[in-house]
Amino acid sequence: MNAITKTTTPNIVNGINVDDLKALIAGVEGDVSKGKTSWRVATTWQGQARSRAEVTGFGIGGEDVPRRFSFEIDEPLELGGGNAFANPQEHLIAALNACMTVGYVAQCAVRGITLESLEIETEGEIDLRGFLGIDPEVANGYESLSYIVRIKGNATDEEFTEVHKAVQATSPNFYNVSQAVRLNPTLVVE
């Protein structure tokens, strides 16, 4: 007797397994607790204006998922650092861009849009008078950020506009940067 084995080729668009993504969406729709995630990063001072950020894991659906990453942060020489690594502002902007990139790739993938290229360029200005405490009337961070999305693929302008609106509506870091996020600080003096 010959057994015929049926194999299913995953539906991969833009490197995203669309079947897995749709299963994740369905799972969260069926049980909202599966959609709860928690993120944590510990940052330690390394001398001068340098620090090291350590990622040890994240939580999803009540489960801890171990992950081990670290990255270095520094400031330019002009801001008291050693200019060895990107500074906190560059990491912030990179995190915004990376999160939106995932959004564009996933939104296109579920729509069957194949991307040829995608680039997000973001910039903003910080007036050091606020950061340095020189003028309390000056904001100590960005008052606005501007970004340009350059996208190319097999979609119409209208389809890319829909994707763009969907990313703005669903990107966690777009939300985090564009909305006030409550911070709950705790100081421990050792």
Side-chain angles (χ1 to χ4, degrees), residues 14-17 36-60 63-109 115-153 163-164 167-168 170-190:
N14 303 322
I16 301 286
N17 185 322
K36 301 290 183 182
T37 63
S38 62
W39 305 91
R40 57 194 171 272
V41 176
T43 304
T44 56
W45 177 54
Q46 301 296 301
Q48 198 177 9
R50 191 169 152 197
S51 59
R52 175 178 296 123
E54 304 267 347
V55 175
T56 58
F58 79 107
I60 183 167
E63 301 291 322
D64 284 326
V65 179
R67 295 164 33 111
R68 294 208 79 51
F69 302 102
S70 67
F71 52 95
E72 308 290 324
I73 302 115
D74 198 0
E75 289 285 356
L77 295 170
E78 297 80 359
L79 296 177
N83 201 37
F85 304 100
N87 82 351
Q89 298 312 310
E90 293 156 334
H91 280 277
L92 175 68
I93 290 171
L96 170 64
N97 289 0
C99 187
M100 289 192 300
T101 295
V102 171
Y104 282 100
V105 171
Q107 289 288 339
C108 286
L115 291 174
E116 292 177 41
S117 63
L118 172 63
E119 177 186 58
I120 303 172
E121 183 179 337
T122 302
E123 64 180 33
E125 294 182 358
I126 294 177
D127 187 332
L128 292 180
R129 293 176 300 159
F131 167 71
L132 296 172
I134 295 169
D135 186 345
E137 300 298 315
V138 174
N140 57 359
Y142 298 110
E143 294 192 77
S144 69
L145 291 171
S146 299
Y147 69 97
I148 299 170
V149 179
R150 293 178 182 88
I151 193 165
K152 184 177 180 183
V163 168
H164 183 66
V167 170
Q168 290 175 325
T170 61
S171 167
N173 282 358
F174 182 90
Y175 177 89
N176 291 339
V177 171
S178 66
Q179 306 293 316
V181 176
R182 184 179 62 249
L183 297 176
N184 304 308
T186 301
L187 174 65
V188 178
V189 178
E190 298 176 337

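Position 1 is the first residue of the sequence; numbering continues from there. If you're wondering where the values come from, they're calculated on a predicted model, not measured in any experiment.
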Problem set entry | Aromatic ring pairing Tyr147/His164, orientation class (parallel under 30°, perpendicular over 60°, tilted between) | tilted

Exercise. To the nearest 0.5 Å, what is the distance between CG (Asn140) and CD (Glu143)?
Worked result: 10.0 Å

Exercise. Run the ring pair (Phe, Tyr, Trp, His ring centres under 6.0 Å) check on His91 and Phe71 step by step: do they pass?
Worked result: CA-CA 10 Å; His91 280 277; Phe71 52 95; 5.2 Å; yes

Exercise. Where is the tightest heavy-atom contact between Arg67 and Phe58, given as atom of each residue plus distance?
Worked result: CD-CD2, 3.4 Å

Exercise. Rounded to the nearest 0.5 Å, what separation is found between the CD atom of Gln46 and the CD atom of Glu72?
Worked result: 6.0 Å

Exercise. Within a radius of less than 6.0 Å around CD of Gln179, do more than 12 heavy atoms belonging to other residues, nucleotides or ligands occur?
Worked result: yes

Problem set entry | Atom pair CZ/CD1 of Arg129 and Ile134 - distance to nearest 0.5 Å | 8.0 Å

Problem set entry | From CA spacing to verdict: side chain to side chain contact (heavy atoms under 4.5 Å, CB included), Arg40, Thr56 | CA-CA 8 Å; Arg40 57 194 171 272; Thr56 58; 4.1 Å; yes

Exercise. Got Ile148 and Ile120 here, is their nearest side-chain heavy-atom distance under 4.5 Å?
Worked result: no

For this session: Any chance you could lay out the side chain to side chain contact (heavy atoms under 4.5 Å, CB included) test for Ile93 and Glu90, step after step, and finish with the verdict?
Result: CA-CA 5 Å; Ile93 290 171; Glu90 293 156 334; 5.9 Å; no

Problem set entry | Thr101: which of Leu118, Val149, Leu96, Val167 passes side chain to side chain contact (heavy atoms under 4.5 Å, CB included) | Leu118

For this session: Could you check if a side-chain atom of Asn173 sits within less than 4.5 angstrom of a side-chain atom of Met100, using non-hydrogen atoms only?
Result: no

Exercise. Has Glu63 got more than 12 heavy atoms of other residues, nucleotides or ligands less than 6.0 Å from its CD?
Worked result: no

Seminar exercise, completed: In this structure, SG of Cys99 is separated from OH of Tyr175 (nearest 0.5 Å) by 13.5 Å

Problem set entry | Salt bridge Glu121-Arg150, side-chain N to carboxylate O under 4.0 Å | yes

Problem set entry | Verdict with supporting geometry, Gln89 and Ile126, side chain to side chain contact (heavy atoms under 4.5 Å, CB included) | CA-CA 9 Å; Gln89 298 312 310; Ile126 294 177; 3.5 Å; yes

Exercise. Does the side chain of Pro76 come within less than 4.5 Å of Asn87's, by heavy atoms?
Worked result: yes

Exercise. Got a second to check how far Glu78's CD is from Asn83's CG, nearest 0.5 Å?
Worked result: 7.0 Å

Exercise. Do any N or O atoms from the side chain of Asp74 and from the backbone of Gly82 form a donor-acceptor pair under 3.5 angstrom?
Worked result: yes

Problem set entry | Beyond-backbone contact of Ser144 with Glu125, side-chain heavy atoms, under 4.5 angstrom | no

For this session: Would you mind reporting whether Asn14 and Tyr104 have side-chain heavy atoms less than 4.5 Å apart?
Result: no

Seminar exercise, completed: Taken to the nearest 0.5 Å, the spacing of Ile60 CD1 from Trp39 CH2 works out to 7.0 Å

Seminar exercise, completed: Heavy-atom nearest pair, Pro88 first then Glu75, reads CD-OE2, 3.4 Å

For this session: Start with the C-alpha gap between Ser171 and Val102, add the side-chain angles, then the distance that decides, and say whether side chain to side chain contact (heavy atoms under 4.5 Å, CB included) holds.
Result: CA-CA 9 Å; Ser171 167; Val102 171; over 6 Å; no

For this session: Specify the closest pair of heavy atoms between Ser178 and Phe174, including all atoms of both residues, with the distance to one decimal.
Result: OG-O, 2.7 Å

Seminar exercise, completed: The residue among Leu132, Asp127, Leu128 that forms side chain to side chain contact (heavy atoms under 4.5 Å, CB included) with Val138 is Asp127

Exercise. Where is the tightest heavy-atom contact between Trp45 and Arg50, given as atom of each residue plus distance?
Worked result: CD1-O, 3.4 Å

Problem set entry | Evaluation steps, salt bridge (Lys or Arg N to Asp or Glu O under 4.0 Å), between Glu54 and Arg68 | CA-CA 7 Å; Glu54 304 267 347; Arg68 294 208 79 51; 5.3 Å; no

